[in-house]
Enquirer: 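Structure below; questions to follow.
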2 protein chains.
Amino acid sequence: MTVSERGPRERMVFSAAQLIRRGGVSAAGMRDVAEHAGAPRGSLQHYFPGGKEQLVNEAVGWAGRYAAGRVARFLAALPVPTPSGLFGEMVRQWTDEYETSGFAGGCPVAAATADCAERVDSTRQAASAAFAQWHGAVAAALADMGVTPERASALATLMLSSLEGAILLARAEQDIRPLTTVTRELAPLLDAAVTGNSPRCSTPP
Amino acid sequence: MTVSERGPRERMVFSAAQLIRRGGVSAAGMRDVAEHAGAPRGSLQHYFPGGKEQLVNEAVGWAGRYAAGRVARFLAALPVPTPSGLFGEMVRQWTDEYETSGFAGGCPVAAATADCAERVDSTRQAASAAFAQWHGAVAAALADMGVTPERASALATLMLSSLEGAILLARAEQDIRPLTTVTRELAPLLDAAVTGNSPRCSTPP
DNA sequence: CGACTACTATGACGGCGGTCATAGTCGACG
DNA sequence: CGTCGACTATGACCGCCGTCATAGTAGTCG
């Protein structure tokens, strides 16, 4: 959240991600990024000779690393690690933000994908890598909980998909209900995978 | 898919949705929309005096109506209606497109949400209405299958979220696997709701 | 001190995109 | 025929945006 400290270069990447989050890539002008980062405009062409494309790609990469890093911190915060607990924390990050700061922003990787996936292949690849990193972190966490690697990967995909989609719905409706709904509905399915039981049932009534 | 027939006004709305699907709202220029629709540029300001905002909002509304309409057609195509069967058809529409035509486009409502949700409230409302219409159609279909209204609504939210998120991942990775994964993983959970059993288990092994 | 590199500062340029203004076509109706 | 309304056609305007060019500062090393 803090923009201060760390070099101006990193600040600009961070600010780019913040602005992309809100209005997509085209709404994140280079001048805006510099101003938001409190950095001189002239530094943009110095640090990012590849132009906006490079800046956007680095912002997407930063978001991927950030999301993956959060997974570890979520795990550490859980008293007893469970798939539903992890997913709940991942979702809670968004409900907290939306409740305290409003529904201004979405996922920067999602925005970059929607805006650039077709035209700018390097950005699409950056988004793919970011999702892959995030997915890998979640899948590894699930595997640590005793889920088989194949199902861990599949469930991680399901978690990411549901979260991204719920973020979208929540922003459109300006209501966190989609987020809470997917958390609640997915919880039993997620936890069922950790027992090593049938994929369907976990705890009988 | 057909651009021909129907008045030029409707064609332009349709074309706008098509272009928004690909590169977001900012990539859908007014001149591009007119050209893509084979309509005269001068007609834009005649049919859409509200400017681009109106055009985008109508495109989003069109997409919502289209998605809701598809639900009914999917139901009709199913030999025996089940929640997982419906979801499979909804997903299949996307896997079919991506396999035959490439990963060029996503959901226009999602793109409009990501691009305009914060700045243009009328567009955000249009997106919310579109999602609501789509959600209502899915929930009604589930209720017809014997799912209680509350769970039908919750599962519809889950289906929409997972589908939208999987579309995003699929476009980034240029691979339909996220789509097939969510279909497979969600199927037992969805069908479990139709039996009226416990929310967790349906068919014991 | 001089030179060199890293970084900053700012103005200009070219293109694009939404919108407006103005005029033109065409059919209907009286 | 005249007029009116619906629609089409085009060019111009203005602002924004990414990029480039050029120059300036500052710290460092020889």
Side-chain angles (χ1 to χ4, degrees), chain A residues 3-60 108 111-112 115-116 118-123 126, chain B residues 3-60 108 111-112 115-116 118-123 126:
Chain A
V3 182
S4 58
E5 312 313 320
R6 316 202 180 279
R9 204 195 122 98
E10 196 169 347
R11 289 208 314 271
M12 285 190 278
V13 172
F14 174 84
S15 292
Q18 290 291 103
L19 295 183
I20 291 171
R21 245 163 69 75
R22 282 161 172 70
V25 172
S26 12
M30 301 289 271
R31 292 163 174 85
D32 303 329
V33 169
E35 189 184 8
H36 183 277
R41 211 189 90 207
S43 299
L44 276 172
Q45 76 179 284
H46 182 254
Y47 289 115
F48 307 95
K52 187 172 189 178
E53 183 174 336
Q54 179 186 1
L55 178 60
V56 170
N57 294 355
E58 295 205 22
V60 169
D115 281 354
C116 309
E118 193 200 6
R119 293 165 300 170
V120 191
D121 197 66
S122 72
T123 302
Chain B
V3 181
S4 58
E5 312 315 319
R6 315 203 180 279
R9 205 195 122 98
E10 196 169 346
R11 289 207 315 270
M12 287 190 276
V13 172
F14 173 86
S15 293
Q18 291 290 102
L19 296 183
I20 291 171
R21 242 162 72 77
R22 282 163 171 69
V25 173
S26 8
M30 301 288 271
R31 292 164 173 86
D32 304 329
V33 169
E35 188 184 7
H36 182 277
R41 213 189 89 207
S43 300
L44 276 171
Q45 75 180 284
H46 181 255
Y47 288 116
F48 307 95
K52 187 172 189 177
E53 183 174 336
Q54 180 186 359
L55 177 60
V56 170
N57 294 354
E58 295 205 21
V60 168
D115 280 355
C116 309
E118 192 199 6
R119 294 166 300 171
V120 190
D121 198 66
S122 72
T123 302

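So that the names make sense, note that chain A is the first sequence line, chain B the second, and so on, each numbered from 1. None of these values were measured; they are calculated from a predicted model.
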Enquirer: Nearest-Å distance, CD (A:Gln54) to P (D:dG18)?
Expert: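 My rounded result for the distance is 15 Å.
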Enquirer: Can you measure B:Met12 atom CE to D:dT8 atom P for me and round it to whole angstrom units?
Expert: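 So the two atoms are 7 Å apart, to the nearest Å.
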Enquirer: Which of these nucleotides, D:dA6, C:dT8, C:dC20, is closest to any side-chain atom of A:Tyr47?
Expert: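 The answer is C:dT8, which lies nearest to the side chain.
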Enquirer: What I'd like to find out is whether the side chain of A:Val33 reaches to under 4.5 Å of the side chain of A:Lys52, using heavy atoms alone.
Expert: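 A side-chain contact under 4.5 Å is absent here.
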Enquirer: Enumerate the protein-to-nucleotides 14-18 of chain C contacts in which both atoms are nitrogen or oxygen and the separation is below 3.5 Å.
Expert:
from: C:dG18; atom 1: OP1; to: B:Lys52; atom 2: NZ; distance (Å): 2.6
from: C:dG18; atom 1: OP2; to: B:Met30; atom 2: N; distance (Å): 2.7
from: C:dG18; atom 1: N7; to: B:Arg31; atom 2: NH1; distance (Å): 2.5
from: C:dG18; atom 1: N7; to: B:Arg31; atom 2: NH2; distance (Å): 3.4
from: C:dG18; atom 1: O6; to: B:Arg31; atom 2: NH2; distance (Å): 2.8

Enquirer: What is the separation between atom CG on A:Leu44 and atom P on D:dA21, rounded to the nearest whole Å?
Expert: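 Result: 17 Å.
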Enquirer: Is the side chain of B:Arg41 donor-acceptor paired with the backbone N or O of B:Ala34 at a distance under 3.5 Å, no angle test?
Expert: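 Not confirmed, B:Arg41 side chain does not pair with B:Ala34 backbone.
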Enquirer: For the pair made of CD in A:Glu35 and C1' in D:dC17, what is the distance, rounded to whole Å?
Expert: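 My rounded result for the distance is 15 Å.
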Enquirer: Which heavy atom of B:Ala111 sits nearest a heavy atom of B:Gly24, and at what distance?
Expert: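 Scanning both residues, the minimum pair turns out to be CB-CA, 4.2 Å.
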Enquirer: Taking A:Ile20 as the fixed residue, which of A:Asp115, A:Val60, A:Val56 is the one that meets the side chain to side chain contact (heavy atoms under 4.5 Å, CB included) rule?
Expert: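 In the set A:Asp115, A:Val60, A:Val56, the residue that makes a side chain to side chain contact (heavy atoms under 4.5 Å, CB included) with A:Ile20 is A:Val56.
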Enquirer: Could you work out which one of D:dC20, C:dC7, D:dT10 sits closest to the side chain of A:Arg41?
Expert: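 When the side chain of A:Arg41 is considered, D:dC20 is the closest of D:dC20, C:dC7, D:dT10.
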Enquirer: Could you check if a side-chain atom of B:Met12 sits within less than 4.5 angstrom of a side-chain atom of B:Phe48, using non-hydrogen atoms only?
Expert: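 Of all side-chain heavy-atom pairs linking B:Phe48 with B:Met12, at least one is under 4.5 Å.
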Enquirer: In whole angstroms, how far is the P atom of D:dG18 from the CZ atom of A:Arg119?
Expert: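 Those two atoms, CZ and P, are 12 Å apart.
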Enquirer: Find the distance B:His46:NE2 to C:dA21:P and express it as a whole number of Å.
Expert: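 For the pair B:His46 NE2 and C:dA21 P, the rounded distance is 16 Å.
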Enquirer: Closest approach of B:Arg119 and A:Ala27, non-hydrogen atoms and distance?
Expert: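 In terms of heavy atoms, the two residues are closest at NH1-CB, 3.6 Å.
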Enquirer: C:dG11 P sits how many Å from A:Gln45 CD, rounded?
Expert: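 Roughly 15 Å, once rounded to whole Å.
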